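Data block below; observations after.
Bear in mind the structure is a predicted one, so any value in this text is a computation, not a measurement. Indexing begins at 1, ligand by ligand and atom by atom, following the structure's order.
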Amino acid sequence: MRQIILHGGVGSSNELSGLLNKYASYAINYQDPIDAVVAAVKYMEDDLNFNAGTGSVMRLDGSIQMDAAVMIDGNFGAVINIEFVKNPVQVAREVMEGSPHVILCADGATKFAREKGHPMYDPTTDKARKRLEEAKAEAKKDPRFLYKEAMSVDTVGAVANFNGKIAAALSTGGSSPMMRGRVGDTPIPGSGILVKNGFGIAATGIGEEIIRRQLSYDLYCNRDTLEKEWESIAGNSKYSLGAVGFYGEKSFVLANKSMAHGYARKDD
Ligand code: ASP
């Protein structure tokens, strides 16, 4: 049996779930779960509805730096603060499969992408410009502006379980508003993403909160009482948090706010 589950970021409208079901129904046709999650995340990176790839939010200085990661049990690849590429998740996969490293950051990640044939691409959109103006207005009103959770939505993730083999992928423009150079949970294994021992998860929410909690690892450790652990996390969190994934063949969707998600299954 092949299954895939996607999220469009905690805080994203449930109205986008139909679109994510469609992307899931395309991605399920791959034979390997890593191909499926990378394809699913690429659809979402190319979709302006989401804060990843084209449509990524801007940093406070107006630049766009993106984080992305892929994981299978026993291997990992990520790019941090990559710039001017269309599909950061594809570069993350190439780091995992085509470099001696597991994480590349900033200009090193961008240079690696060029070497792998990713052309220069500007992911800036009018929506991102507008969001930055809104963030700056918030910052003027409230000095704790870095934690204005309402701005952090629409980042993307996917987890697939194909006959027991699990892969996960995440991609984000980050949690706006944020400084240039800020790194969230997406490229940190055990925080935003984890695949281990028949468990796979792709999280979303304020990256700082996810990293402090090691959210994905915490949920993995409590996988036998997942719903209970989630209730306690959601109840104790001031910020938006969410995740999708699999524990064995059982899919889960966890969120303390609206979160678009999609799912597809094929019985082989
Ligand atoms: N987790 C992402 C980050 O903090 C943002 C999100 O999930 O909306 O970079």
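Looking only at distances, a side-chain donor or acceptor of N51 sits under 3.5 Å from a matching main-chain atom of V57.
Around atom 5 (C) of ligand 1, the closest heavy atom drawn from G205, G184, G207 belongs to G205.
The six-membered or imidazole ring of F199 lies near that of F252, with a centre-to-centre distance under 6.0 Å.
Atoms of ligand 1 lying under 4.0 Å from any heavy atom of S175, numbered from 1 in the order shown and given with element: 3 (C), 4 (O), 9 (O). For ligand 1, the atoms closer than 4.0 angstrom to any heavy atom of T204 are 6 (C), 7 (O), 8 (O). Contact atoms of ligand 1 toward T155: 5 (C), 6 (C), 7 (O), 8 (O) (distance under 4.0 Å to a heavy atom of the residue). Close contacts of ligand 1 with G174, meaning ligand atoms under 4.0 Å from a residue heavy atom, involve 9 (O).
Within the 4.0 Å heavy-atom cutoff, G9 does not count among the residues contacting ligand 1.
For the pair D154 and ligand 1, the shortest N or O to N or O distance does not fall below 3.5 Å. Between D185 and ligand 1, a contact under 3.5 Å exists for at least one N or O pair.
At a heavy-atom distance under 4.0 Å, only side-chain atoms of R182, from C-beta outward, approach ligand 1.
Under 3.5 Å, the side chains of Q3 and N161 contain no donor-acceptor pair of N or O atoms.
Taking 4.0 Å as the cut-off between side-chain N and carboxylate O, D32 and K165 count as a salt-bridged pair. Using a 4.0 Å cut-off between a side-chain N of Lys or Arg and a carboxylate O of Asp or Glu, E133 and R129 do not qualify as a salt bridge.
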Side chain to side chain contact (heavy atoms under 4.5 Å, CB included) assessment of V253 paired with I5 = CA-CA 9 Å; V253 177; I5 191 155; 3.6 Å; yes
Side chain to side chain donor-acceptor pair (under 3.5 Å) evaluation trace for K228 with N222 = CA-CA 9 Å; K228 201 166 150 252; N222 292 285; over 6 Å; no
